[in-house]
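One structure below.
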Amino acid sequence: MRYDFSVTDKKWQDRWDAAGIFKAQDNSDKKKFYALVEFPYPSGAGMHIGHIKAYSSLEVVSRKRRMQGYNVLFPIGFDAFGLPTENYAIKTGIHPRQVTDNNIKHFTEQLKKVGFSFDWDRVIDTTEESYYKWTQWIFLKMFEKGLAFRDTAFVNYCPSCKVVLSNEDSQGGKCDICHSDVIQKSKDVWYLRITEYADKLLEGLEKVDYLPNIKLQQVNWIGKSTGAFVNFSLKGADETLRIYTTRPDTLFGVTFMVMAPEHPLLEKYRNRIANVKALDDYKEICSKKTEFERTQLVKDKTGVRIEGISAVNPVSGKEIPIFVSDYVMMGYGTGAIMAVPAHDQRDWEFAHKFGIDIIQVIEGGDISKEAYAGDGNMINSGFLNGLSNKKDSIARMIAYLEEKGIGEKGVQFKMKDWAFNRQRYWGEPIPIVHCPKCGMVPVPYDELPLRLPKLTNFEPGQGGESPLARIEEFVNCSCPKCGGKAKRETDTMPQWAGSSWYFLRYIDPHNDKVFADRQKLDYWLPVDWYNGGMEHVTRHLIYSRFWYKFLYDLGEVPVDEPYAKRTAQGLILGPDGDKMSKSKGNVVDPSDVIKVYGADVLRVYILFMGDYGAATPWSDNGVKGVKRFIDRFAGLTDLVKGTGVTPELESSFHKTVKKVTSDIEELKFNTAIAAMMTLLNEIYDKGSLTKDEMLTLTRLFCPFAPHICEEIWESLGQTGFASTAEWPEYDESKTVDATVEIAVQVNGKLRGTVTLSADADKDTAFAAARANEKVAAFLEGKTTVKEIYVPKKLVNIVVK
RNA sequence: GCGGGCGUGGUGGAAUGGCAGACACGUUGGUCUUAGGAGCCAAUGCCUUGCGCGUGUGGGUUCAAGUCCCACCGCCCGCACCA
């Protein structure tokens with residue numbers, strides 16, 4: 001069959017659309033399948049080839065599931081708030097609303113040209129008032145529960161974008177948006193108390209089916225550690241210095257303390273510190289360092305000893321010095337540590353530099369050379385002496401601390417609360433009113449959405465305040481509680497807000513009473529399979545699990561984990577093997593590929609190019625190879641003769657159906673396609689196939705290359721769509737061959753092959769093997785020591 | 001530094017401990033052709049062509065190792081002074 005994809009692609013896309021065959025049914029007795037892909041940020045650059053790969057896997061799975069009789073929800077939408085659009089608006093003066101609408105239109109056209117089987121009736125746009133109304137609603141619920149709060153703290157701040165960044169957005173000390181160095185700044189900011197859910201987020205991982213590396217990354221990000229808090233009494237101050245340690249059993253080895261430069265006690269007891277000047281100088285130096293410098297330049301420890309205040313080791317009673325050093329962070333634990341130089345390399349380096357005593361309390365290693373972090377008998381440790389098990393000694397020390405009231409068991413997380421506001425325009429307004437009398441007052445639910453006012457100038461304020469702060473009619477309002485004059489919060493939510501719950505809105509996207517109807521939620525949740533990028537594993541995936549678990553605790557959603565299964569695609573690299581980037585000029589535009597080869601070739605090539613989970617370079621020649629394959633596939637229609645089964649092909653068909661069916665579930669698209677190629681080669685060798693076989697192949701290939709399959713389906717006189725036909729079945733008993741070729745080894749080396757019936761017994765197999773000429777030559781004059789027979793695979797004759 | 005992953009032909013990549021290199025690209029030759037950057041057919045791991053060698057290197061377990069174990073080398077990813 002000859003076909004012109006520039007005609008047939010469009011023809012079938014239009015027909016699918018008109019027939020509405022990809023629309024999910026809300027009231028159905030069928031088994032449901034909710035497939036979710038990460039919705040795109042509609043940038044001006046249009047779709048990236050990576051988007052196609054990210055959606056292709058569940059596209060194939062969804063199409064297969066529909067053919068298997070499932071009621072499938074496979075939605076798409078747009079995560080459209082955010083800085084790139086706003087920056088573009090600043091540059092061009094075009095309103096972000098306009099920019100967003102244009103970009104969404106462009107993305108939609110591009111997505112449709114690939115032939116994705118999305119349910120286009122459920123498209124959502126996070127910047128629409130009907131959507132962000134509910135984002136604000138969830139925020140207010142969090143505010144009510146004390147999970148959204150304001151606090152003054154040192155935050156990651158991007159001086160170039162003029163925004164506060166969350167930890168997740170400033171990984172590596174670089175701004176995630178513009179890649180400038182992030183600095184630490186004390187600011188009054190909004191937080192979401194995600195740490196409250198740290199344990200739940202961790203425990204929930206045990207019951208979900210996420211790829212192991214995804215789970216592990218989340219576990220590491222949450223970073224739970226167990227240990228103890230200890231309160232050291234101070235000389236020269238009227239309170240204790242609280243520290244966190246994972247090794248309270250090394251307390252006898254503590255010879256000094258270290259506080260972070262930002263530690264509040266330093267300010268509080270400023271007038272009791274003799275060397276305030278030196279301290280201020282040091283703090284000044286630290287504050288100028290970027291987060292990057294502070295964490296990267298680990299070699300040389302710096303610090304200043306506090307004169308006038310010292311601490312007392314609670315077990316030895318010795319007075320020990322307190323230092324300020326930036327190797328201790330305010331953001332983790334209590335911002336102060338007990339230093340055990342014998343058993344912690346950082347403390348060891350610091351002690352060496354400042355000439356502090358080093359007391360070994362665990363036997364082993366050579367502490368004159370480096371700290372010893374291994375296990376061993378406790379020494380120099382009073383009541384712990386002789387204990388060799390870390391667990392025991394820690395438990396004993398914690399019991400002692402608790403008994404004496406100077407400390408207690410404790411848990412710490414690396415994960416920090418989520419800095420939640422941005423001083424920018426293009427985001428959801430935070431629905432809070434600041435009243436001089438009542439404090440922070442939520443905007444009443446019935447006034448939601450709190451709309452973004454129209455602006456013409458989107459530049460952030462010079463003092464780093466949101467552009468919204470300039471709009472007086474927005475800022476000035478009356479307090480919903482007391483009716484007095486009040487001012488609105490002018491910060492907006494970060495980009496990650498809207499995407500934290502979008503998968504719930506797909507379930508009921510047009511509801512104006514609730515974020516989604518409860519019955520529909522009960523039916524569709526959880527998401528059965530979620531695919532996305534590894535880069536979102538520590539941000540979006542954690543945030544959205546958090547929001548979801550919050551809603552679960554409110555009783556708003558039915559099950560406690562939102563995503564039953566999560567997988568991730570690997571990057572598509574440029575043809576040169578490097579990451580695609582405009583500056584390298586190695587970017588492949590999916591639209592170009594569609595223009596030249598059609599949508600099916602693009603779809604199949606992306607799934608065939610390599611292991612779906614691995615980064616794989618693009619190859620133009622590989623695309624041509626797939627084009628050849630699809631043309632050969634279409635050419636099969638010329639070989640169709642008769643109906644029924646071709647005996648020589650029967651078992652190959654069953655094997656291929658079996659392999660494709662299972663490979664799709666394991667995201668092994670490359671081998672699924674390879675199996676179809678193999679069958680194709682076999683059919684071409686044979687010279688003909690039946691109409692029934694052609695129809696089987698067409699259905700089997702339909703999820704991958706639906707346009708050409710529909711065209712073939714129609715040309716063979718079928719009514720309806722291949723896309724809605726039944727998924728082919730296979731008969732297990734017909735996947736096994738009657739005869740098999742098995743390998744014959746002598747001493748483990750291949751010396752020949754023999755053909756046997758599949759159920760041949762051991763004696764038959766060895767008789768046949770020994771009869772083989774080549775094999776016999778290697779057996780001559782040797783005695784057989786052992787005979788191994790693996791049915792259908794090989795025989796191995798061990799001789800001496 | 002810690003955690004995870006990966007090293008297989010000229011290339012992308014296949015291989016529940018059981019015939020390494022499926023499938024594809026590329027290359028070479030042939031065929032058809034006015035033409036070939038189209039199609040079709042064939043060959044294609046390497047070499048010193050043989051009891052030959054071969055999955056980063058060296059060892060080990062096993063009748064049998066790309067696969068399991070130990071050590072090392074290299075690359076990629078994540079986290080990173082986390083107390």
Side-chain angles (χ1 to χ4, degrees), chain A residues 171-173 212-221 223-225 227 243-248 250 258 260 294-299 301 325-329 331-340 343-347 349-350 373 412-416 534-535 537-538 570-571 573 575 577 605 608-611 613-629 631-632 635 668 670-681 684 741-753 774 777-778 785-799:
Chain A
Q171 295 184 24
N213 54 334
I214 293 176
K215 268 193 200 183
L216 195 74
Q217 258 192 54
Q218 291 213 348
V219 168
N220 289 342
W221 188 259
K224 182 175 183 171
S225 90
I243 60 94
Y244 174 75
T245 175
T246 53
R247 293 301 300 268
T250 59
V258 187
R294 198 161 153 186
T295 55
Q296 290 296 311
L297 302 174
V298 297
K299 291 191 184 81
K301 296 275 179 290
S325 171
D326 66 355
Y327 83 89
V328 172
M329 305 289 146
Y332 183 79
T334 63
I337 61 156
M338 63 178 218
V340 187
H343 305 291
D344 181 290
Q345 189 58 28
R346 295 156 297 174
D347 299 346
E349 282 162 18
F350 195 87
Q412 277 296 304
F413 296 95
K414 282 188 206 174
M415 189 168 71
K416 294 174 195 170
M534 283 306 292
E535 71 274 21
V537 162
T538 49
L571 289 179
L573 306 173
Y605 174 66
F608 180 65
M609 63 194 293
D611 177 347
T616 312
W618 183 266
S619 156
D620 288 326
N621 280 325
V623 177
K624 285 181 197 159
V626 168
K627 169 70 176 158
R628 253 194 302 267
F629 167 59
D631 286 345
R632 265 160 70 81
K668 288 162 73 172
N670 53 340
T671 52
I673 293 163
M676 287 187 280
M677 288 173 168
T678 307
L679 179 57
L680 225 68
N681 292 340
Y684 270 99
E741 189 180 67
I742 71 168
V744 180
Q745 296 182 340
V746 177
N747 288 345
K749 296 205 171 185
L750 180 70
R751 296 303 182 198
T753 58
K774 284 184 205 155
F778 286 99
V785 182
K786 199 169 181 180
E787 292 181 326
I788 287 124
Y789 177 43
V790 183
K792 295 183 215 174
K793 293 279 184 190
L794 59 61
V795 300
N796 186 9
I797 303 169
V798 185
V799 295

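Labels below follow one simple rule: chain letters A, B, ... track the order of the sequence lines, proteins then strands, and each chain is numbered from 1.
The interatomic distance linking Lys624(A) (NZ) with U11(B) (C1') rounds to 15 Å, in whole Å. We find that CG of Leu571(A) is positioned 15 Å from C1' of C6(B), with the value rounded to whole Å. Separating the NZ atom of Lys301(A) from the C1' atom of C81(B) is a distance of 5 Å, rounded to the nearest angstrom. Rounded to whole Å, the distance from CD on Gln745(A) to C1' on A20(B) is 12 Å. Taking atom CG of Leu216(A) as the reference point, atom P of C2(B) lies 16 Å away to the nearest angstrom. Here C81(B) presents its P atom at 19 Å from CD1 of Ile243(A), a figure rounded to the nearest Å. In this structure, Met534(A) atom CE and G78(B) atom P are separated by 9 Å, rounded to whole Å. If you measure from atom CE of Met676(A) to atom P of A24(B), you get 13 Å, rounded to the nearest angstrom.
In this structure C2(B) sits in a base pair with G78(B), meeting the Watson-Crick or G-U test at under 3.5 Å. Across all strands shown, A14(B) remains unpaired; no Watson-Crick or G-U wobble contact has both distances below 3.5 Å. Nucleotide U57(B) forms a Watson-Crick or G-U wobble pair with A71(B), both donor-acceptor distances falling under 3.5 Å. A64(B) is unpaired under the criterion used here, namely a Watson-Crick or G-U wobble arrangement in which both key atom distances are under 3.5 Å. In this structure U27(B) sits in a base pair with A43(B), meeting the Watson-Crick or G-U test at under 3.5 Å.
Residues Ser225(A) and Tyr244(A) bring a donor and an acceptor atom of their side chains to less than 3.5 Å of each other.
For Arg346(A), taking side-chain heavy atoms from C-beta onward, the closest of the listed nucleotides C81(B), C25(B), C19(B) is C81(B). When the nucleotides G4(B), C81(B), A83(B) are ranked by their closest atom to the side chain of Ser225(A), A83(B) comes out on top. When distances run from any side-chain atom of Thr616(A) to the nucleotides G13(B), C23(B), A83(B), the shortest one goes to G13(B). When distances are taken from the side chain of Met329(A) to each of G3(B), C81(B), C25(B), the shortest belongs to C81(B). Distance from the side chain of Ala674(A) is smallest to A22(B) among C63(B), A83(B), A22(B). Side-chain atoms of Pro617(A) lie closest to G13(B) of the nucleotides C51(B), C53(B), G13(B). Across C81(B), C51(B), A14(B), the shortest atom-to-atom separation from the side chain of Asp611(A) is found for A14(B). For Asp326(A), whose side chain is taken as the heavy atoms from C-beta onward, the closest listed nucleotide among C23(B), C81(B), C19(B) is C81(B). Distance from the side chain of Asn681(A) is smallest to A24(B) among C82(B), A83(B), A24(B). Distances were taken from every side-chain heavy atom of Arg751(A) (C-beta onward) to each of C51(B), C63(B), C19(B); the shortest belongs to C51(B).
Phosphate contact (OP1/OP2 of G18(B), side-chain N/O of Lys793(A), threshold under 4.0 Å): absent. Phosphate contact (OP1/OP2 of A83(B), side-chain N/O of Tyr244(A), threshold under 4.0 Å): absent. Listed pair Lys668(A) / A15(B) meets the phosphate criterion, a side-chain N or O lying under 4.0 Å from OP1 or OP2. For the OP1/OP2 pair of A83(B) and a distance below 4.0 Å, the side-chain nitrogens and oxygens of Arg247(A) include no atom meeting the criterion.
Heavy-atom nearest nucleotides on RNA chain B were determined for Phe608(A) and for Ile337(A), and the one closer to the 5' end corresponds to Phe608(A). Where Met677(A) and Asn670(A) meet RNA chain B, the nucleotide closest to each residue was compared, and Asn670(A) sits on the side nearer the 5' end.
Counting atom types as modelled, Lys749(A) pairs no side-chain N or O with a base atom of C51(B) as donor and acceptor under 3.5 Å. The base of C25(B) does not come close enough to the side chain of Asn621(A) for any donor and acceptor atom to sit less than 3.5 Å apart.
Between G26(B) and G9(B), the two C1' atoms lie 12 Å apart (nearest whole Å). Taking atom P in both U57(B) and C73(B), one finds a spacing of 15 Å when rounded to whole Å. To the nearest whole angstrom, the two C1' atoms, one in G13(B) and one in C6(B), are 14 Å apart.
Residues satisfying the salt bridge (Lys or Arg N to Asp or Glu O under 4.0 Å) criterion with Lys668(A), sequence neighbours excluded, are Glu666(A).
Ion pair Lys624(A)/Asp620(A) not flagged as a salt bridge, since none of the NZ, NE, NH1 or NH2 atoms sits closer than 4.0 Å to an Asp/Glu carboxylate oxygen.
A cation-pi contact links Arg751(A) to Phe778(A), judged by a cut-off of 6.0 Å to the six-membered ring centre and 45° from its axis. Annotation: cation-pi pair Lys224(A)/Phe413(A) absent, no NZ/CZ under 6.0 Å from the ring centroid and within 45° of its normal.
The backbone N or O of Arg632(A) lies less than 3.5 Å from a partner atom in the side chain of Tyr684(A), making a donor-acceptor pair.
Taking the six-membered ring where tryptophan is involved, the planes of Phe350(A) and Tyr327(A) are tilted, since the angle between them lies from 30° to 60°.
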